[in-house]
Amino acid sequence: MLALAMGMRQTMGLLQPATVEALSITAADYALAIAMQNLVWGLTQPFVGMAVDRLGTRPVMLAGGLLYTLGMVSALLATGPVGLTLGVGLSVGLA
């Protein structure tokens with residue numbers, strides 16, 4: 001799971017030029033969304049680990065997949081930096 005999640009997270013930088021152009025935002029706005037993603041991911045890891053211990057792997061993986069999908073869809077529908085930060089930064093970071 002970690003290798004799969006890290007692989008997807010590492011490709012976000014490749015999408016930066018196209019996203020910046022499509023949303024008419026600055027590279028700093030995009031970088032803020034990715035920085036938020038990394039902070040949220042790091043801060044929530046202990047709690048997700050506790051959830052795995054209590055609920056099991058399958059429900060947590062399913063919730064993570066749904067959050068990741070929600071984040072990508074909201075990033076797709078974003079019209080500015082706030083939508084991108086909420087989608088890629090918050091939802092994907094939680095996933």
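Atoms considered below: every heavy atom in the structure, side chains included; atoms not considered: hydrogens, waters and symmetry mates. Bear in mind that the values here come from a model prediction, so they are computed numbers and not experimental data.
- Considering all non-hydrogen atoms of both residues, P59 and G56 come closest at CD-O, 3.5 Å.
- Side-chain contact between T85 and L90 is absent, with no heavy-atom pair separated by less than 4.5 Å.
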*Do D29 and L84 pass the side chain to side chain contact (heavy atoms under 4.5 Å, CB included) test, and can you show the C-alpha distance, the side-chain angles, and the key distance before you say yes or no?*
CA-CA 9 Å; D29 292 331; L84 184 69; 6.0 Å; no
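- Atoms CG and CG, on L43 and L94 in that order, are 10.0 Å from each other to the nearest 0.5 Å.
- Checking side-chain atoms of S74 against main-chain N and O of G71 turns up a donor-acceptor pair under 3.5 Å.
- The line from CD1 of I25 to CD of Q16 is 8.5 Å long, rounded to the nearest 0.5 Å.
- Q37 places no side-chain N or O within donor-acceptor distance of the main-chain N or O of V92, the cut-off being under 3.5 Å.
- V48 and L67 fall into different hydrophobic clusters, where Ile, Leu, Val, Met, Phe, Trp and Tyr side chains are chained together by heavy-atom contacts under 4.5 Å.
- Both V82 and M36 are assigned to one and the same hydrophobic cluster, defined by single-linkage of ILVMFWY side chains at heavy-atom distances under 4.5 Å.
- The cluster map of Ile, Leu, Val, Met, Phe, Trp and Tyr, joined by side-chain heavy atoms under 4.5 Å apart, puts L32 and V88 in different clusters.
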*Residue pair V20, T26: steps toward the side chain to side chain contact (heavy atoms under 4.5 Å, CB included) verdict*: CA-CA 6 Å; V20 165; T26 65; 5.9 Å; no
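- Across all their heavy atoms, A95 and G64 have their closest contact at CB-O, 3.2 Å.
- In the hydrophobic clustering of ILVMFWY residues, with side-chain heavy atoms under 4.5 Å counting as a link, V60 and W41 come out apart.
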